[in-house]
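Note sheet for the following structure.
Each ligand, and each atom within it, is numbered from 1 in the order the structure gives.
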Amino acid sequence: MCGIVGYVGAQSALDVVVAGLKRLEYRGYDSAGVAVLADGGLAAAKKAGKLINLEKELKDRPLPTGSTGIGHTRWATHGGPTDTNAHPHLDNAGRVAVVHNGIIENFAALRAELEERGHELSSETDTEVVAHLLAEEFSSCADLAEAMRLVCRRLEGAFTLVATHADQPDVVVGARRNSPLVVGVGEGEAFLASDVAAFIAHTRSAVELGQDQVVELRRDRVTVTGFDGSPAEVRAYHVDWDASAAEKGGYDYFMLKEIAEQPKAVADTLLGRIDAGGSLTLDEVRIDDSELREIDKVVIVACGTAFHAGMIAKYAIEHWTRLPCEVELASEFRYRDPILGGQSLVIAISQSGETMDTLMALRHAREQGSRVLAICNTNGSTIPRESDAVLYTHAGPEVAVASTKAFLTQLVACYLVALYLGQVRGTKWGDEIRAVIRDLSGISAAVDRVLETMEPVRALARSLADKDTVLFLGRHVGYPVALEGALKLKELAYMHAEGFAAGELKHGPIALIEEDLPVVVLVPSPRGRSVLHDKIVSNIQEIRARGARTIVIAEEGDEAVAPYADHLVRIPATPTLLQPLVATVPLQVFACELATARGNEVDQPRNLAKSVTVE
Ligand code: M6R
C-alpha cells in the first residue's frame, strides 16, 4: 500500500525521488520520507502527513545534494502516522536507510533479538528491524545486495524493501516478496518503484521482478538474483503509456480526468480483439480452447469495485454460456475451503494486479488445480504473472483511489471473456456474438453522451451535500451498480450509503426510508425483460409513498418512470446486460461532486490507499 522510489544516476536523487513520490502518493499518504547519499554519509528527512509536509521540511532544512537516494510515502500498518514511524528507517550508526511496503510478520522476535544485542530501536514499525539487520550483515560482507539476501531469508510476511548504504554510494538495492517492485532502466541511471508511474517521466524501459528476488541497481547495470543468490533471468518490457497519462492534464482531480477518459478506455479495451469477420480473438487468453470447453464452472474472485464488476459478469457468463458462475470476495474465498477442481475456471479481477486478497485467492485456486484467468489493468503486475492467462484492460494508469475507468474496462473485459467462452463452447452463435460486439462497440460513444449531460447531476450532488444518508436500489445487473454507487459515495463523500437489491427492500431496508431521504434507483430497460422494469417502477412508488426523494436513472424514452422521479437522469438505451457501462457513470460523477462539495480530498480519500497489498 505504500509507495517506494529508489534512484541511482547522475541527476539530483532528491528531485527524482520526490517527483516519483508525487506520482505514488495515491498508494498511501499518511507520512513520507527520503534519504540521499551525499558527502560520504547519509542524510534523511521524514514527516507525518501528506508529501507536501515533507516538501516544506526539505525547503526549510535542505538535504545535501547526492545522486543516490530512496523515498517512501506511507499507509500505516504497524505504528501510527508519526514523524518517527515514517520511513526511511536508519540503523543506529545512520549508515543504512531502508523503506518498506508490506508487513514483516516476525518483526517482534527479530526486534527482541536485536535489542538483546544492544540495538536501540526508536519506532513502532516492523520496518526498523530491517535497517538494523542490514547494518549487521553489511558489517561482515560489505555488500548491500548480499546483506539484503541474508536478511530477506530471515523475514516472514510480505514485503518490498529498498535500501541504500553510505559505504556503497552508487548502489540501491531492492527486494520483493508478495509485494510490488519494478525497475526502470535509463541511460546511465536506474530506478526502483512500486509502480512505473514513478519513473515514467525518465524511461519507459522496465524490468519485472519475480517473487523472492533481490535487485542491485548501479548506474550502468541492474543485477537480479534470488534470495539464495542464484542469478535470475531479467524480464524487460516497454511501458506502453507515457508521462502525460499520469498527469492531471488540466483537471482538478485525477478522478475527473479518469471519468472523462472512459470512452477511450472502453474503446481501447475492445481494440484488436475482434477479427474482420466479427469473431473474438483474445490472444492473451493462453488457456487452450479444448480446456475451456471442459470447464464446468466459473468462479470470480475480486475486491471492492472489481468485485462489483465480477457480480455483473456473472449475469453475462451464465446467460451467454449456461455455465454456473460464482462470485466471491477474494478476502473470504480461501477461508471457506471452496470446492474447486481442474475443470473450474477462476477469474481474478484486479486493476492494480497487486491486491493481496485477490492474489491469495488465485494462489489457492491454482493449488486446487484450477486454471486462473486474470483481468487486470497493470502490465507486469503480480496477479497476471501468477495466472495461467491474462486479459489486460488497457485503461491506462488509474491514479485516483476511487476506481472509475478501471471498472468500466473490467466490465468490457468480462463481457469479452463471457462471449469468448460462448464462442468456443458453442453456446452462442456467431451472429449473436457479432450483435453483442456491435453493441459493445457503441458503448464508447454512449458513455461520451452521458458525460455531456452531467451538469444536472453535479448540481443535484451539491444540493445534497448536507445529507447523511443516500440509498441505492437496483435489480438484476442494476443491483451491483447500486452497490458500486454506494461504495463510491462512502469512500469519497464519507456518507452513509447503502446499495440494495430493490426486491429486498420490503424484507427490511424499507424501514430506513424517511421524509426527503435521497434514494437513487437504477431502472432496467423497458425494452428488455419488462417484468424487471415493471417491478422497479413499483418499488419507486413504494419508497416515494414513504417520503423518499427519488433520483431515477432510466434510459432515454422510458416515460413510465417519469411521474415518480423527483430527479430524472437519462442514459442512452443499451441492451439490459450492458446497461452498467452507462448507468455507473452518473454515479461516479455524483460521488465526485458530493465529495468536492463536502470539502473532501477526491483523489486521496481518508484512510484508503489505491492498492491494498496487505491482507
Ligand atoms: O486493484 P484492485 O482492482 O484489485 O483493487 C480492488 C479494490 O481495492 C478497489 O476496487 C477499491 O474498492 C476501490 N478504491 C474502489 O473505488
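Within the listing of ligand 1, atoms 12 (O) sit less than 4.0 angstrom from a heavy atom of G304. Set against the non-hydrogen atoms of K488, the atoms of ligand 1 under 4.0 Å away are 15 (C), 16 (O). Ligand 1 places these atoms under 4.0 Å from at least one heavy atom of S350: 1 (O), 2 (P), 3 (O), 4 (O). Annotation for ligand 1: atoms under 4.0 Å from non-hydrogen atoms of Q351 are 1 (O), 2 (P), 3 (O), 4 (O). In summary, the atoms of ligand 1 found under 4.0 Å from a heavy atom of T355, numbered by their order in the structure, are 1 (O), 2 (P), 4 (O), 5 (O). Remark: ligand 1 atoms within the under-4.0 Å shell around heavy atoms of S352 are 1 (O), 2 (P), 4 (O). Atoms of ligand 1 lying under 4.0 Å from at least one heavy atom of A402, given by number and element, are 16 (O). Annotation for ligand 1: atoms under 4.0 Å from non-hydrogen atoms of A306 are 3 (O), 10 (O).
The shortest N or O to N or O distance between T358 and ligand 1 is not under 3.5 Å.
Protein heavy atom nearest atom 9 (C) of ligand 1, with residue, atom name and distance: T305 N, 4.1 Å. The closest protein non-hydrogen atom to atom 7 (C) of ligand 1 is C303 O, 3.6 Å. In terms of protein heavy-atom proximity, atom 13 (C) of ligand 1 is nearest to V401 O, 3.8 Å. Nearest protein heavy-atom contact of atom 16 (O) of ligand 1 is E491 OE2, 2.3 Å.
Cation-pi check for K50 over Y29 is met; the charged atom lies under 6.0 angstrom from the ring centroid and within 45 degrees of its normal. Note that R606 lies in the cation-pi zone of Y494, set by a 6.0 Å cut-off to the ring centre and a 45° limit from the axis.
In this structure, F407 has its ring center no closer than 6.0 Å to that of H308.
Side-chain contact check for Q588 and E484: no donor-acceptor pair (N or O, by modelled atom type) lies under 3.5 Å. With hydrogens and angles left out, the side-chain atoms of E398 and N377 include no donor and acceptor closer than 3.5 Å. Side-chain contact, K488 with T305: a donor N or O sits under 3.5 Å from an acceptor N or O. For the 3.5 Å distance criterion, the side chains of E354 and T382 qualify, holding a donor opposite an acceptor.
For the atom pair F159 CZ and N178 CG, the distance stands at 8.5 Å (nearest 0.5 Å).
In this comparison of L608, I349, V612, the heavy atom closest to atom 8 (O) of ligand 1 sits on V612.
Within the 4.0 Å heavy-atom shell around ligand 1 one does not find K610.
The aromatic rings of H87 and H72 sit parallel to each other, their planes meeting at less than 30°, with 60° as the upper class boundary.
The shortest side-chain heavy-atom distance between P480 and P580 does not fall under the 4.5 Å cut-off.
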